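These notes concern the structure reproduced below.
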Protein chains: 2
Amino acid sequence: MTIKEVAEKFNMTNDTLRYYEKVGLIGPIKKNSSGIRDYSEEDLKRIEFIKCMRSAGISIEVLKKYVDLYDEGESTKLERQHLLEEEQDKLEEKIKTMTEALDKLKYKIELYKTDKLDEYL
Amino acid sequence: MTIKEVAEKFNMTNDTLRYYEKVGLIGPIKKNSSGIRDYSEEDLKRIEFIKCMRSAGISIEVLKKYVDLYDEGESTKLERQHLLEEEQDKLEEKIKTMTEALDKLKYKIELYKTDKLDEYL
DNA sequence: TTATCACTTAGAGTCTAGTCTAAGTCAATA
DNA sequence: TATTGACTTAGACTAGACTCTAAGTGATAA
């Protein structure tokens, strides 16, 4: 699969894909005889995971750490698990914060709708 | 209330408070005879709202637009409501995305825990 | 054969949201 | 009186995550 197809599939840019490769999040991607990237199914699975975690706000730094541990092999399994658990906690906290903000936003919109607005902002 | 007290109350830095004022998100804050900021209750309410919305990821640009509309008066009420509704949609979408990522993360952690890991990353 | 087009690289530039620095003012304490 | 400490300003700097540019290669279409 070419970089263009992958970019389209995951709705990201070629630049981002090459950037992720450069910082070591994915790949190195196999290249054909003319030096053109050819993404494998394995690559796609990694990209999907990375994309998903990025969309949740997990930093490239943390993901890079996870990938590096993975590449170190079996012996890092527990450390990897702990890393993921930490990110789980952070993510749950973030979702909670955002849900609270959403509730306030909804309340504010309700005030606008019922014309009961006698507030500051 | 001094800038230091406000910063402590909302767990942010003096710099951020001055930055928000500079870009027009809050204030201008009243100053005493020596040029020192003295935050009013009104100011605090605004800051709390801004802080809450920022923690949900609403951009400074959007918040600035909302504040500007507010300052234009009654005639912008509907536009303000629409702006908030748009942000509500975006926020709901973001929470959904993050919740999906969280589920994947939990699943992955479960695989680690049960030692059933035969995966890519 | 020449031109076009999609790809390649290294590295510079951009955007957002702060964060930090330097130089200065003022009030209160040693 | 001198110095300490909290504040002030304008403006430079930073981090994170891309995004763009310039220069080059190789396969294919005209």
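Numbers restart at 1 for each chain; the letters A, B, ... are given by sequence-line order, proteins then strands. For clarity, every value in this text was computed on a predicted model and none was experimentally measured.
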Q. What do you reckon, is CG of N11(A) surrounded by more than 12 foreign heavy atoms closer than 6.0 Å?
A.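 At most 12 heavy atoms, drawn from other residues, nucleotides or ligands, come within 6.0 Å of this atom.
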Q: Answer with yes or no whether the side chains of R80(A) and Y112(B) bring together a donor and an acceptor at under 3.5 Å.
A: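 Yes.
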Q) Under 3.5 Å, side chain of D38(A) to main-chain N/O of K31(A), donor-acceptor pair present? A) no
By salt bridge (charged side-chain N to carboxylate O under 4.0 Å, His left out), which residues pair with [X], not counting sequence neighbours?
X      : result
K90(A) : E87(A)
K22(A) : none
R37(B) : E21(B)
K77(A) : E74(A), D115(B)

(Q) Need two values: the first and the last nucleotide of DNA chain D, 5' to 3', having an atom under 4.0 Å from any heavy-atom of chain A. (A)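 Endpoints of the contacted stretch of DNA chain D: dA17(D) to dA27(D).
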Do [X] and [Y] have side-chain heavy atoms sitting under 4.5 Å apart?
X      : Y      : answer
L63(B) : Y20(B) : no
M1(B)  : K9(B)  : yes
I58(A) : Y66(A) : no

Q.
S34(B): which residues meet the side chain to side chain contact (heavy atoms under 4.5 Å, CB included) condition with it, sequence neighbours left out?
A. N32(B), I36(B)
Acceptor/donor pairs from residues 95-111 of chain A side chains to any protein atom, 3.5 angstrom cut, sequence neighbours excluded:
unit_1, atom_1, unit_2, atom_2, d
T97(A), OG1, E93(A), O, 3.0
T99(A), OG1, I95(A), O, 2.6
K108(A), NZ, L121(A), O, 3.2

Within [range], residues whose heavy atoms come under 4.0 Å of DNA chain D:
range                     : value
residues 1-11 of chain B  : T2(B), I3(B), K4(B)
residues 84-94 of chain B : none
residues 28-38 of chain A : S34(A)

Q | Sequence neighbours excluded, every pair satisfying side chain to side chain donor-acceptor pair (under 3.5 Å) that has a member inside residues 46-65 of chain A | A | K64(A)-D68(A)
Q | From CA spacing to verdict: side chain to side chain contact (heavy atoms under 4.5 Å, CB included), I60(A), Y19(A) | A | CA-CA 11 Å; I60(A) 281 174; Y19(A) 170 68; 3.6 Å; yes
Q: List the protein contact pattern of nucleotides 13-21 of chain C with one symbol per nucleotide (5' to 3'): B for base contact, S for sugar-phosphate-only contact, - for none; contact means a heavy-atom distance under 4.0 Å.
A: ----BBBB-
Q: Provide the closest heavy-atom pair for L69(A) versus T76(A) in the form atom of the first, atom of the second, distance.
A: O-OG1, 2.7 Å
